[in-house]
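Letters A, B, ... mirror the listed sequences (proteins, then strands); counts begin at 1.
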Protein chains: 2
Amino acid sequence: MRAKISDIAKIAGLSTASISRVLNNQGGYSKETAKRVMKIANDLGYFKDRSASDLARRSNNTIGVIYTDFETNFNDLVIKNIMIEAKKRHLDVILMIAQQNDPDGLTKIVQGMIERRVFAVQFISTHPSPQIIQMLNQAAIFPQVIGDATDHTVSYVSSDDMAIGYHATTYLIEKGYRSIGFVSPNITTDYVSHLRFSGYRKSLKEHGISFKSDWLFEESYSYQTGIHASAHYQKYGDVDAVIGVSDEVSWGLLNGFYDLNVSVPSDIALISIDGTELCSQTRPRLTSVTQDFALMGKTAIKQAPKKADPHRVTAVTIPFKINIRETS
Amino acid sequence: MRAKISDIAKIAGLSTASISRVLNNQGGYSKETAKRVMKIANDLGYFKDRSASDLARRSNNTIGVIYTDFETNFNDLVIKNIMIEAKKRHLDVILMIAQQNDPDGLTKIVQGMIERRVFAVQFISTHPSPQIIQMLNQAAIFPQVIGDATDHTVSYVSSDDMAIGYHATTYLIEKGYRSIGFVSPNITTDYVSHLRFSGYRKSLKEHGISFKSDWLFEESYSYQTGIHASAHYQKYGDVDAVIGVSDEVSWGLLNGFYDLNVSVPSDIALISIDGTELCSQTRPRLTSVTQDFALMGKTAIKQAPKKADPHRVTAVTIPFKINIRETS
DNA sequence: CTGAAAGCGCTTACAG
DNA sequence: CTGAAAGCGCTTACAG
């Protein structure tokens with residue numbers, strides 16, 4: 001049987017209360033007893049039972065993180081920094097993965113988080129539905145969306161996606177390109193794409209360029225989408241530069257053009273959005289709008305209210321920059 | 001306040017026992033009551049408290065998965081399939097990430113798993129130390145290592161790494177290459193590399209090729225290692241083919257050679273080990289020994305004993321194959 | 001510095 | 001079909 005506090009108490013000749021105190025070093029006991037208790041606990045291979053502990057102290061310092069096995073690859077960086085920052089603050093993190101396009105699955109996962117009484121749940125590259133947000137609010141759990149400002153009733157940490165689209169486009173225009181493609185998921189369905197596309201349109205307009213519908217290729221955030229889009233542009237070919245809405249898409253574009261003997265950047269220039277490590281790992285290297293995913297992760301943890309605070313909605317915008325590499 | 005079972009009981013005019021039964025649909029009540037209870041629970045926004053539940057039922061069907069934010073990219077696939085298989089079996093999974101080269105951190109994380117009373121913990125691309133294994137065994141938790149057969153006192157699911165090294169090498173030799181490089185982490189420190197290297201040596205020997213120490217480049221599993229190795233081979237240059245011990249390494253090799261104007265495969269051929277999606281996303285595409293990571297994940301879940309079984313050590317070997325693409 | 005006691009929210013024999 | 005009661009392993013006022 002697993003050792004419990006009462007076993008230690010018996011051996012030490014103390015009450016369970018005392019044992020609990022030293023185990024949680026709450027002070028109010030002699031160094032002596034402390035040492036003795038710790039030794040016994042150790043000999044017994046004692047480990048606290050979290051369920052019992054959480055239940056008794058009716059509080060919980062763990063935070064839930066939900067992400068999808070997405071086509072994009074920036075999750076890792078965000079999560080890594082969430083972990084680092086959480087450790088600093090002595091918060092526990094539990095991760096769960098949602099399958100893409102499986103709303104029921106997401107709901108299940110969120111239920112699991114609620115049952116575990118986490119004090120906040122963070123969604124990375126996932127769109128929690130209004131119902132899910134409501135569930136969470138009702139359960140007095142703080143919901144946060146990371147990397148996506150989909151809904152202003154929820155706190156979020158993300159880049160200014162409109163500005164990203166705007167600056168990517170402006171950069172290209174100032175380099176002299178006039179016919180600029182845009183590859184993304186469906187711009188009415190996907191909010192991030194919608195924002196970036198709006199910024200793109202805004203820049204075109206400001207520069208007196210009229211948008212042609214063939215310039216837009218809608219599919220997903222994936223590598224394959226980039227491949228497909230490259231064929232599209234070759235076919236309808238008046239484009240001299242393309243914006244890929246994720247590094248994966250841009251990588252697909254790059255390889256797709258390569259396979260079609262279209263030279264990048266001499267025939268068609270490319271700029272990617274995200275700017276993960278991948279951009280330096282392609283040949284030629286991808287010029288990108290680079291988001292600060294590390295900062296996003298850290299900020300998300302800081303944003304989570306320490307206790308069961310009032311659920312103020314807070315929105316934090318993370319700065320981005322442009323990294324000029326070799327594709328434009 | 002959050003609704004609890006007693007709140008439902010009060011409203012329904014029933015005992016908490018009955019509520020518990022219908023909530024867990026254990027049968028032994030009328031459809032009537034069931035419906036009524038469910039409705040009340042719903043109206044109240046009731047969610048079970050896992051801590052209380054786990055504590056009371058002294059059992060736990062959750063499994064812990066620990067992985068590192070590693071340089072290699074196959075984790076995702078393994079984890080994804082762990083999740084899928086776990087869901088089928090109605091097991092809960094909780095994920096935790098260990099930082100690389102942080103043994104204390106790993107110990108902390110394992111402690112967390114023990115405190116949470118998971119019934120098994122799976123290590124992906126992580127070397128649990130003997131002490132950690134001992135902790136787990138003592139806590140009656142089933143330890144499993146995935147993708148790495150480091151220690152025969154622990155159950156594992158992995159490929160036959162010796163055979164992988166052997167076949168990769170033999171493939172190259174049969175293609176006519178005679179001077180074959182091998183890039184990996186330290187082969188005495190890293191057990192997987194050790195095994196693969198042994199297979200490599202065995203094949204060389206069988207084919208009457210004598211190994212030269214310049215053929216071996218030891219560093220890590222990362223992309224950068226591939227870059228570094230390419231410079232090494234260009235300098236000591238009698239090699240006509242190279243084995244990269246991970247897809248990341250091979251990608252680095254490919255790009256490194258490209259930057260140095262060494263043509264792949266005409267000047268130097270390449271074969272990668274792992275065979276993730278990445279291999280089709282490089283130009284030229286990487287020929288690879290392809291491991292079945294999806295099967296590994298599934299198998300790992302199947303291997304975990306349903307209950308607190310006797311801790312038999314089981315070892316499962318997953319088949320691999322060779323995918324010929326463009327680099328050799 | 002230490003202990004007796006109540007309680008956290010559930011589950012499960014046991015009895016009817 | 002339903003309930004009273006004990007118990008899961010901890011924590012925390014309260015009292016000394």
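Side-chain N or O atoms of B:T299 include one that pairs as donor or acceptor with a backbone N or O of B:L295 at under 3.5 Å. Side-chain N or O atoms of A:R2 include none that pairs as donor or acceptor with a backbone N or O of A:Y46 at under 3.5 Å. Side chain of B:S158 to main chain of B:G147: no donor-acceptor pair is present (N/O by atom type, distance under 3.5 Å, no hydrogens or angles). Proximity of a side-chain donor or acceptor of B:N42 to a complementary backbone N or O of B:M38 within less than 3.5 Å is not detected.
Across C:dG9 and C:dA13, the matching P atoms stand 23 Å from one another, rounded to whole Å.
Here A:S20 does not reach the OP1 or OP2 of D:dC10: none of its side-chain N or O atoms lies under 4.0 Å away. For D:dG3, one of the phosphate oxygens OP1 or OP2 lies less than 4.0 angstrom from a side-chain nitrogen or oxygen of B:S18. At least one side-chain nitrogen or oxygen of B:S53 sits closer than 4.0 Å to the OP1 or OP2 atom of C:dT11. At D:dT2, one or more side-chain N or O atoms of B:T33 fall inside 4.0 Å of OP1 or OP2 (strictly under the cut-off). For the OP1/OP2 pair of D:dT11 and a distance below 4.0 Å, the side-chain nitrogens and oxygens of A:Q26 include no atom meeting the criterion. A close approach under 4.0 Å does occur between a side-chain nitrogen or oxygen of A:K48 and OP1 or OP2 of D:dT11. For C:dG3, neither phosphate oxygen OP1 nor OP2 lies less than 4.0 angstrom from any side-chain nitrogen or oxygen of A:Y29.
The nucleotide whose nearest atom lies closest to any side-chain atom of B:R57 is, among C:dC8, D:dC8, C:dT12, C:dT12. Distance from the side chain of B:A17 is smallest to C:dT12 among C:dC10, D:dG9, C:dT12. Nearest nucleotide to the B:D49 side chain, out of D:dG9, C:dT11, C:dC10: C:dC10. Here C:dC10 is the nucleotide among D:dG9, C:dC10, C:dC1 with the atom lying nearest to any side-chain atom of B:K4.
In terms of position along DNA chain D, the nucleotide closest to B:S30 lies nearer the 5' end than the nucleotide closest to the other residue of the pair A:L55 and B:S30. Remark on DNA chain D: of its neighbouring residues B:A52 and B:T16, the 5'-side contact belongs to B:T16, judged by nearest-heavy-atom nucleotide.
Using a 4.0 Å cut-off between a side-chain N of Lys or Arg and a carboxylate O of Asp or Glu, A:D102 and A:K108 do not qualify as a salt bridge.
Of the options A:N81, A:V78, A:I82, A:V157, a side-chain contact (heavy atoms from CB on, under 4.5 Å) to A:K298 is made by A:N81 and by none of the others. Tested against B:F123, the residues B:V65, B:L136, B:T68 include a single side-chain contact (heavy atoms from CB on, under 4.5 Å) partner, B:L136.
One can find a donor-acceptor pair under 3.5 Å joining the base of D:dG3 and the side-chain atoms of B:R21. Between the base of C:dG9 and the side chain of B:R50 there is no donor-acceptor pair shorter than 3.5 Å.
For the pair A:R58 CZ and C:dA6 C1', the interatomic distance rounds to 10 Å; values are reported in whole Å. The separation between A:D54 atom CG and C:dG9 atom C1' is 13 Å, rounded to whole Å. Atom CD1 in B:I114 sits about 17 Å away from atom C1' in D:dG9, given to the nearest Å. Rounded to a whole Å, the CG atom of B:L14 is 8 Å from the C1' atom of D:dT2. Whole-Å rounding puts the A:L23 CG to D:dT11 C1' distance at 12 Å. Atom-to-atom, NZ of A:K35 to P of C:dC1 comes out at 14 Å; the value is rounded to the nearest Å. Whole-Å rounding puts the A:K10 NZ to D:dG9 P distance at 11 Å. Residue B:I19 contributes atom CD1, which lies 13 Å from atom C1' of D:dC1 at whole-angstrom precision.
In this model, a donor atom of one side chain and an acceptor atom of the other lie less than 3.5 Å apart for A:D190 and A:Y221.
The residue A:G13 sits close only to the backbone: its heavy atoms come under 4.0 Å of sugar-phosphate atoms, none of a base.
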* Convert the base pairs of DNA chain C into dot-bracket notation, remembering that pairs crossing earlier ones are written with [ ] and that bases paired across to another strand are shown as |; include only Watson-Crick or G-U pairs under 3.5 Å. => |||.||||||||.|||

* To do: Could you walk me through whether A:R117 and B:F47 pass the side chain to side chain contact (heavy atoms under 4.5 Å, CB included) test, one step at a time?
  => CA-CA 9 Å; A:R117 301 294 189 259; B:F47 285 98; 4.0 Å; yes

